[in-house]
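Letters A, B, ... are given to chains in the order of the sequence lines, protein chains preceding strands, and every chain is numbered from 1.
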Protein chains: 2
Amino acid sequence: MSTTPLAAPRRATITDVAREAGTGKTSISRYLNGEMSVLSPELRARIEAAIERLDYQPNQMARGLKRGRNRLIGMLLADLTNPYSVEVLQGVEAACHALGLMPLICHAANEVEMERRYLQLLTTYRVEGVIVNALGVREETLRPVGGGGIPAVLVDRSVDGLVADMVGLDNRAAAELGTRHLLDNGFDDIWFVVQPFEQVSSRQLREAAFREVMSGEGGAGGTSSGKGKGGAHGHTLVLNLAEPVAVERALAELDRAIDAAGGLGGAAASVTGDATSSVTDRTGGKGSRIALFAANAPVALCLALHLKARYGPDWQTRVALLSIDDPEWAELTGITAIRQPTYEIGYRAVEFLHERIEGVQATARDCLLPGELIVRASTLR
Amino acid sequence: MSTTPLAAPRRATITDVAREAGTGKTSISRYLNGEMSVLSPELRARIEAAIERLDYQPNQMARGLKRGRNRLIGMLLADLTNPYSVEVLQGVEAACHALGLMPLICHAANEVEMERRYLQLLTTYRVEGVIVNALGVREETLRPVGGGGIPAVLVDRSVDGLVADMVGLDNRAAAELGTRHLLDNGFDDIWFVVQPFEQVSSRQLREAAFREVMSGEGGAGGTSSGKGKGGAHGHTLVLNLAEPVAVERALAELDRAIDAAGGLGGAAASVTGDATSSVTDRTGGKGSRIALFAANAPVALCLALHLKARYGPDWQTRVALLSIDDPEWAELTGITAIRQPTYEIGYRAVEFLHERIEGVQATARDCLLPGELIVRASTLR
DNA sequence: CTGTTAGCGCCTTCAA
DNA sequence: TTGAAGGCGCTAACAG
């Protein structure tokens, strides 16, 4: 039951403390900065007491203004709705903590305009550096950052024309890992589903790696569909989540393929021990085993929701789903996933940035961390 | 292909602009603050040009130092992992945007110590106000905030002894809505599963409302289990997600109940009251329809994962699940949910805070927003 | 060891 | 209409 004085009593300043302790501001400042060795125990005690009495807390803004550094860094996220972002954030926070930095978290919510405004705002607040999980846009937007501007490190994707450190998933390896897993498990009709990837480097890399594996070591062709040596087919399907009608169209295409394939090959004694599910099995003729490879969690969710709506709760008996990203519902649904080392990605990003802030001048570095394949029922038959 | 000068050329200051424009700092300041009426068109043009040429951007820290307000507010989140937080955040961001505020997002990651540190940090940066989605702790931690300190508004839960505006779900109504829905659909054995709720007001309210409905209009008793008029049973199960062993134990208890009910009835496994059990009795009845009412998304997820692991993909044929919160996987899994007006909660919180910042002195207000029941297959039989 | 003196970048009287 | 001077809270040389 604390008494709460209504009039907020202006916060004590360093001057107040100096007066209260009967000394000069300099000594207070020294105390604040831990220069204990140059303070007589006696003075030090008085200062301590005064600070305590006044509940004094130094004004970081003023400090920052004076010393030219405020220990603030910006963390620009493209989409907090994506679990990936939140996980990366955890790493970022931990690292900031360890390094005495304070992250200003900005959420662009997938809007380029927001991204621009936040970047501008961060500049205005004179953050010492920025970690950017950029929307897939032109360098232009990031003008104030990197090279000539404040230090920046990119997360997950790079931006054309912007030289800066980058840390993210080893996309090539991850996509290969996933594709090989599907092939090894006998799927011969694989659809790589991805959001528009012209602008986003990580998506590009994933898609390219998928295509390469599918077309076999030899043919790194440029088509969006290819036949591997084992006779497996690979397709790339673009799913523009921002465009409902486009999504509709793409999903329809997928449906046609699934229907044509006539269900999943192999014994119907599938994941569900459900006896009623007798959707027949391997059609002797052209029964191919279809698998969907989602380029990230949002795509995977969209696919899963659609499939469930179309084929019912047992949709997994018809199609296999593998996703890059391992969202919380993956285990629940039993889909196979490639988990990104999100925490580490965030942590490393801050470390890189910190080095830059401290003046390290090395040429732009790339840090690619490996993903981990988590096999679940979905891709095992 | 921009040329990127390696040496970061110190950012231009107001003095630089003044010199460049051949005028005094005062005029620049006036320009910055939109006092156009007192600037000759000619001077104004020169200033504009100078700013453009120098790519000048006023230093917010310095401005804040001078005027005493920096347009910064703190947003303290208990757990960003909970989709609820992210959704509320969206509302907060939108409102801040509209009101010219900049939210500093802090993530306590469920650690009280973090919460304390961040609060201290925010104080130190002299934010003008704070929006707090507090961990369930004593007022003590929030000392610097509310009443005597900087303006604060609470989100989702209130804190004992701390008088401040609060905005959140109408927990009582929501819990009633859910409970009634289950009863209406013929479930006669309902388990309300909730994290430890002594410290968290919202959980308390939900649990209490559930219990009240279950024990019928008359008996607002103090037991954690009761029998409604229709002969329905209500149980409260505490799930301490932070304690794996406790979770284990609680889930085991649930399993027993489910097995007893689901089986051929007769077995009536005499549930010998485990001493450590957080649940009271349940009558070994046969053929009762069991439903689980999760107090929030994290609990619901934990339950779903467990049930799936134990009963397989078809777990929903054995138990019904209803959750407060409507996470992205709810639709996918088909569980019924009560969606919170998260966006609006965040938005209103900022509006309240803004009013406080502007000096409104009304007594502490509570804003309770209604939840929306979204019926899915899980609770329909 | 300790205090005095300048500013950091900006805003705000107060004159001109 | 414009500018000069002083100060926000704090730090960083310089003296004592």
**Report entry** Short side-chain to backbone donor-acceptor contact, Asn82(A) and Tyr84(A), under 3.5 Å
**Finding:**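 Indeed, once roles are kept as given, a pair shorter than 3.5 Å links the two residues.
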
Query raised in the report: Is a side-chain donor or acceptor of Arg11(B) paired with a backbone partner of Asp55(B) at a separation under 3.5 angstrom?
Result: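 A pair under 3.5 Å: yes.
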
Measure the shortest side-chain to side-chain distance between [X] and [Y] over non-hydrogen atoms and say whether it is less than 4.5 angstrom.
X         : Y         : result
Met166(A) : Leu368(A) : yes
Glu87(B)  : Tyr343(B) : no
Leu353(A) : Pro151(A) : yes
Gln60(B)  : Met61(A)  : no
Glu93(B)  : Ile105(B) : yes
Glu351(B) : Val167(B) : no

Query raised in the report: More than 12 foreign heavy atoms under 6.0 Å from CD of Glu113(A): is that the case here?
Result: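 Enclosed.
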
Query raised in the report: When you compare dG6(D) with dT5(C), how far apart are their C1' atoms, in angstrom units rounded to a whole number?
Result: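 The same atom, C1', in both gives a distance of 15 Å.
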
Query raised in the report: Start at the 5' end of DNA chain C and walk down; is the nucleotide closest to Arg46(A) or to Thr15(B) reached first?
Result: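 The residue mapped nearer the 5' terminus is Arg46(A).
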
Report task. Please determine which of Arg46(B), Lys25(B), Arg53(B) meets the salt bridge (Lys or Arg N to Asp or Glu O under 4.0 Å) test together with Glu20(B). Result ->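 Testing Glu20(B) for a salt bridge (Lys or Arg N to Asp or Glu O under 4.0 Å) against Arg46(B), Lys25(B), Arg53(B) leaves exactly one candidate, Arg53(B).
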
Can you tell me the distance, in whole Å, between the [atom1] atom of [X] and the [atom2] atom of [N]?
X        : N       : atom1 : atom2 : result
Leu65(A) : dG7(C)  : CG    : C1'   : 10 Å
Arg67(B) : dG9(C)  : CZ    : C1'   : 13 Å
Arg30(A) : dG3(C)  : CZ    : P     : 9 Å
Glu35(A) : dC1(C)  : CD    : P     : 13 Å
Ile14(B) : dT12(C) : CD1   : P     : 11 Å
Arg19(B) : dG9(C)  : CZ    : C1'   : 13 Å

Requested in this report: In sequence, state the C-alpha distance, the side-chain angles, and the governing distance for Ile73(A) and Ile357(A), and then conclude on side chain to side chain contact (heavy atoms under 4.5 Å, CB included).
Outcome: CA-CA 10 Å; Ile73(A) 69 169; Ile357(A) 292 175; 4.0 Å; yes

Query raised in the report: Can you name the side-chain contact (heavy atoms from CB on, under 4.5 Å) partners of Leu65(A), sequence neighbours left out?
Result: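 side-chain contact (heavy atoms from CB on, under 4.5 Å) check on Leu65(A) returns Asn59(B), Ala62(B), Leu65(B).
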
Requested in this report: Mind checking side-chain contact (heavy atoms from CB on, under 4.5 Å) for Thr26(B) and listing every partner two or more places apart, or none if nothing turns up?
Outcome: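 For Thr26(B), the residues satisfying side-chain contact (heavy atoms from CB on, under 4.5 Å) (neighbours in sequence not counted) are Arg30(B).
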
Query - Interface residues of residues 37-45 of chain A with DNA chain D (non-hydrogen, below 4.0 angstrom) - result: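 None - not one residue of the stretch has a heavy atom sitting under 4.0 Å from the strand.
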
Report task. Residues of residues 22-29 of chain A with any non-hydrogen atom less than 4.0 angstrom from an atom of DNA chain D: list those, numerically ordered, please. Result ->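 Within this stretch, Lys25(A), Thr26(A), Ser29(A) sit under 4.0 Å of the strand.
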
Query - Consecutive-pair stems (3 or more, Watson-Crick or G-U, under 3.5 Å) for DNA chain D - result: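 Stem list for DNA chain D: C:1-4 with D:13-16, C:6-16 with D:1-11.
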
Report task. Anything under 4.0 Å to a heavy atom of chain A counts; send over the first and last such nucleotide of DNA chain D, read 5' to 3'. Result ->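 On DNA chain D, the outermost contacted nucleotides are dG9(D) to dC14(D).
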
Query raised in the report: Quick one: is dC8(C) close enough that its OP1 or OP2 comes under 4.0 Å of any side-chain N or O from Asn59(B)?
Result: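 The answer is no; no side-chain N or O of Asn59(B) sits under 4.0 Å from OP1 or OP2.
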
Requested in this report: Tell me what Tyr31(A) touches on the nucleic acid: a base, only sugar-phosphate, or nothing, going by heavy atoms under 4.0 Å.
Outcome: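 Nothing, no heavy atom under 4.0 Å.
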
Query raised in the report: Would you call Glu128(A) and Arg356(A) a salt bridge, taking side-chain N to carboxylate O under 4.0 Å as the test?
Result: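 No, Glu128(A) and Arg356(A) are not salt-bridged.
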
**Report entry** 5′-ward residue of the pair Ala62(B)/Asn33(A) relative to DNA chain D
**Finding:**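 Its nearest nucleotide lies further toward 5', so the answer is Ala62(B).
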
